[in-house]
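Below is one structure, written out as structure tokens, with a few remarks after it.
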Amino acid sequence: MKKNIKFILISLLLIAVLSISLVGCTKTPNLKGGDPNATTYNNNSLVVSQGDYIYFVNGKITVDDIAEKKDNKYGNIVKSAIYRAKKDGSEVEALVPQVAMDSNNSNGISVLGNYLYFTSPSTATAKDGTLQKTNTDFYRVEISGRNLTKLVTLEGNTNQYKFTDNGLIYLENSKLTYLPYKGKSKVILESAGNTYFPVTSTYEPGKADASMAVYYAESPEENDGDPYNEIKCVTSTGEVKTILSGKDSKTSYTIKSVESEDNGSVAVYYEKSIYDRGDEKYSNKGLFGIKLGNDFKQIGAEKKFAGKSATVRYISFEEGVYVFEDSEMYIPKIDADGNVEKADKDKIYYVGSTITQSNIVTIKDGYIYYTESNAFKRVKMDVTGEDANDNNLGQPETIIEKDIVTDYVKPVLNGNTFYYINSGYYNYMYKVDISVKDAKHSLLGIRTNEDKNAYIKFVKEMDEETREKHDKLIAEDLPTEELKKD
């Protein structure tokens with residue numbers, strides 16, 4: 001009996017030591033509330049919502065901001081840490097006091113059920129003592145802030161990856177790998193070329209759909225030199241499925257995108273080239289797509305969406321895609337023979353060089369929302385009446401005129417609330433209701449003491465006119481007496 005008691009005590013001591021080794025002597029958050037059964041929205045962004053809460057990255061840092069281990073020590077971090085708040089911005093609480101991402105990372109955080117997933121610059125050191133901060137640690141943590149677990153460390157900070165509800169799928173040195181959260185990793189493909197990691201923006205717990213998979217093109221070893229390949233995917237459970245095979249038609253596929261559709265289905269878009277044995281070469285036939293149900297089975301027939309090598313923005317499998325060509329944006333028409341026509345004149349939008357596929361934040365409610373330089377703008381589509389012109393667009397409206405960080409994870413428009421990193425105020429997360437005229441912008445999280453003092457000094461040194469503009473724009477979060485001019 002005494003031996004058993006001794007064994008239990010030793011086991012508990014080891015668990016305590018392991019916990020301390022991960023989070024140091026810092027008190028681990030233990031947040032109450034949160035609903036792991038609620039649907040999550042805006043995954044893989046800087047601001048994710050689930051139930052009554054939003055989970056967000058407090059601000060932006062660069063790799064250069066991490067000079068030594070303490071700069072990413074759990075418990076030390078405020079800017080770029082992960083916080084939780086009520087949807088109205090109240091009750092802000094630290095969830096993970098550690099750096100979430102850095103300036104080289106184009107992905108955001110994700111909340112899947114009871115866990116939040118994120119990446120962080122590595123704090124490991126090489127034999128010569130060099131900090132390996134350009135490598136990336138992958139983590140998951142309960143939405144209470146407890147049980148922070150490092151899943152894996154990958155070389156570099158530009159790897160493609162996808163957090164699923166059952167495992168992490170990633171690409172490192174061209175090797176496609178599946179790592180279950182409980183179990184050993186397995187290599188799916190030794191040398192992966194054309195891969196696509198779709199975003200499961202909306203997640204309903206227990207209903208992993210076809211967007212929660214990674215898609216790739218592979219030339220089978222047994223094809224005996226025949227010019228074809230296949231589109232496959234690895235699911236959230238690590239299962240490999242074949243989606244399309246070009247064996248019979250001598251077709252080669254290049255995956256362009258995989259987009260979430262209705263009821264857990266996805267649209268898989270790809271260019272396809274058919275090999276002509278007479279000319280002994282491939283002929284690009286254009287952009288095509290199929291729709292998959294949440295069981296990965298094809299729904300209906302293949303569709304053609306655009307001509308070859310088009311720059312597009314995906315709308316839906318039913319509506320089609322917007323093609324960007326010669327400063328215009330339009331949905332092409334496909335005739336019965338698969339020939340591509342431009343579009344009806346009244347559906348061609350002249351967007352110039354300011355609106356591109358890459359700087360559009362969203363297209364909703366008849367508007368294109370986009371960033372230009374460091375501003376946030378929108379323009380109305382399908383303008384009629386006396387305001388109509390040959391462009392089929394209204395006059396651009398500037399919603400936010402400056403200070404939006406655009407060389408990072410894209411800002412988020414959730415309903416009427418716009419979330420963005422504000423470069424004019426020390427790179428913290430701000431929010432504003434764009435449906436309210438002259439609505440004030442407010443800090444979503446909290447500042448470090450250093451940045452707080454710098455901000456107070458910054459405001460105190462403003463001239464009267466600049467201060468008036470500041471007070472009209474910013475909802476102040478600091479005590480009034482601290483901001484009084486000397």
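Worth knowing before you read on, the calculation uses all heavy atoms, side chains too, and leaves out hydrogens, waters and symmetry mates.
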TODO: Give a yes or no answer on whether the side chain of E261 reaches the backbone of G293 with a donor-acceptor pair at less than 3.5 Å.
DONE: no
Task: Donor + acceptor pair across side chains of S245, Y228 (<3.5 Å) - done: no
TODO: Determine yes or no for a side-chain-to-main-chain donor-acceptor pair under 3.5 angstrom, with Q395 supplying the side chain and E397 the backbone.
DONE: no
- [ ] Answer yes or no: is there a donor N or O on one side and an acceptor on the other, between the side chain of N294 and the main chain of A210, under 3.5 Å?
- [x] no
Open item on the list: Could you check whether Y269 and Y314 have their ring centres less than 6.0 Å apart?
Closed with: yes
Open item on the list: Can you confirm if the NZ or CZ of R140 lies within 45° of the ring axis of F163 and under 6.0 Å from the centre of its six-membered ring?
Closed with: no
Task: Residue pair F458, Y425: steps toward the side-chain contact (heavy atoms from CB on, under 4.5 Å) verdict - done: CA-CA 10 Å; F458 172 66; Y425 297 96; 3.9 Å; yes
- [ ] Report yes or no: is the cationic atom of R313 (NZ for Lys, CZ for Arg) closer than 6.0 Å to the six-membered ring centre of Y322, at no more than 45° off its axis?
- [x] no
- [ ] Measure the CG-CG distance between L112 and N43 for me, rounded to the nearest 0.5 Å.
- [x] 5.5 Å
TODO: Run the numbers on T237 and E239 for side chain to side chain donor-acceptor pair (under 3.5 Å), then give the verdict.
DONE: CA-CA 6 Å; T237 59; E239 182 183 359; 4.5 Å; no
TODO: For the residue pair K162 and T200, confirm or rule out a side-chain donor-acceptor distance under 3.5 Å.
DONE: yes
TODO: Go through the side-chain N and O atoms of S265 and N263 and say whether any donor and acceptor fall under 3.5 Å apart.
DONE: no
Open item on the list: Quick one: does any side-chain atom of K308 pair with a main-chain N or O of N284 as donor and acceptor, under 3.5 Å?
Closed with: no
Open item on the list: Could you check, using the six-membered ring where one of them is a Trp, whether F376 and F418 have ring centers closer than 6.0 angstrom?
Closed with: yes
Task: Pairwise distance CG(N135) to CG(L154) - rounded to 0.5 angstrom - done: 8.5 Å
Open item on the list: Looking at E401, I'd like to know if its CD atom is crowded, meaning that more than 12 non-hydrogen atoms belonging to other residues, nucleotides or ligands lie closer than 6.0 Å.
Closed with: no
Open item on the list: Under a 3.5 Å cutoff, is there a donor and acceptor pairing between the side chains of S211 and D209?
Closed with: yes
Task: Separation between NZ of K440 and OG of S442, rounded to the nearest 0.5 Å - done: 10.5 Å
Open item on the list: Please tell me whether T448 and E450 have a donor and an acceptor in their side chains that are separated by less than 3.5 angstrom.
Closed with: no
Open item on the list: Checking side-chain polar atoms at under 3.5 Å, does D88 have a donor or acceptor matched by the opposite partner on S90?
Closed with: yes
Open item on the list: Within the structure provided, determine whether I188 and Y216 are in side-chain contact (heavy-atom separation under 4.5 Å).
Closed with: yes
- [ ] Compute whether any side-chain donor of one residue and acceptor of the other, for N194 and Y215, lie under 3.5 angstrom apart.
- [x] no
Open item on the list: Rounded to the nearest 0.5 Å, what separates atom CD1 in I143 from atom CD1 in I82?
Closed with: 13.0 Å
- [ ] State yes or no: are the ring centers of Y428 and Y430 separated by less than 6.0 Å?
- [x] no
Open item on the list: Can you tell me which residue among K431, R447, K452 is in a salt bridge (charged side-chain N to carboxylate O under 4.0 Å, His left out) with D477?
Closed with: R447
- [ ] Report yes if some heavy atom in the side chain of T235 is under 4.5 Å from a heavy atom in the side chain of Y178; otherwise report no.
- [x] no
TODO: In plain terms, say whether K347 and D382 are close enough for a salt bridge, that is, a side-chain N and a carboxylate O under 4.0 Å apart.
DONE: yes
TODO: Answer yes or no: is there a donor N or O on one side and an acceptor on the other, between the side chain of K256 and the main chain of Y196, under 3.5 Å?
DONE: no
Task: Atom pair CG/OH of L444 and Y420 - distance to nearest 0.5 Å - done: 11.5 Å
Task: Donor-acceptor pair between Y55 and R84 side chains, under 3.5 angstrom - done: no
Task: Atom pair OG1 (T134) and CD (E155), whose distance is rounded to the nearest 0.5 Å - done: 9.5 Å
TODO: Can you establish whether the number of heavy atoms outside K175 located under 6.0 Å from its atom NZ is more than 12?
DONE: no
TODO: Output, in order, the C-alpha distance, side-chain angles, deciding distance and verdict of side chain to side chain donor-acceptor pair (under 3.5 Å) for N72 and S120.
DONE: CA-CA 8 Å; N72 191 14; S120 184; 2.9 Å; yes
Open item on the list: For the residue pair N107 / T119, report whether a side-chain donor-acceptor contact shorter than 3.5 Å exists.
Closed with: no
Open item on the list: Would K380 pass as a cation-pi partner of Y367, given that its NZ or CZ must be under 6.0 Å from the six-membered ring centre and within 45 degrees of the axis?
Closed with: yes
TODO: Would you verify whether the NZ or CZ of K86 falls within 45 degrees of the ring axis of Y53 while also being under 6.0 Å from that six-membered ring's centre?
DONE: yes
- [ ] Check the pair T466, D463 against side chain to side chain donor-acceptor pair (under 3.5 Å), reporting the backbone distance first and the verdict last.
- [x] CA-CA 5 Å; T466 305; D463 58 44; 2.8 Å; yes
Open item on the list: Has K133 got a side-chain atom pairing as donor or acceptor with V63's backbone, closer than 3.5 angstrom?
Closed with: yes
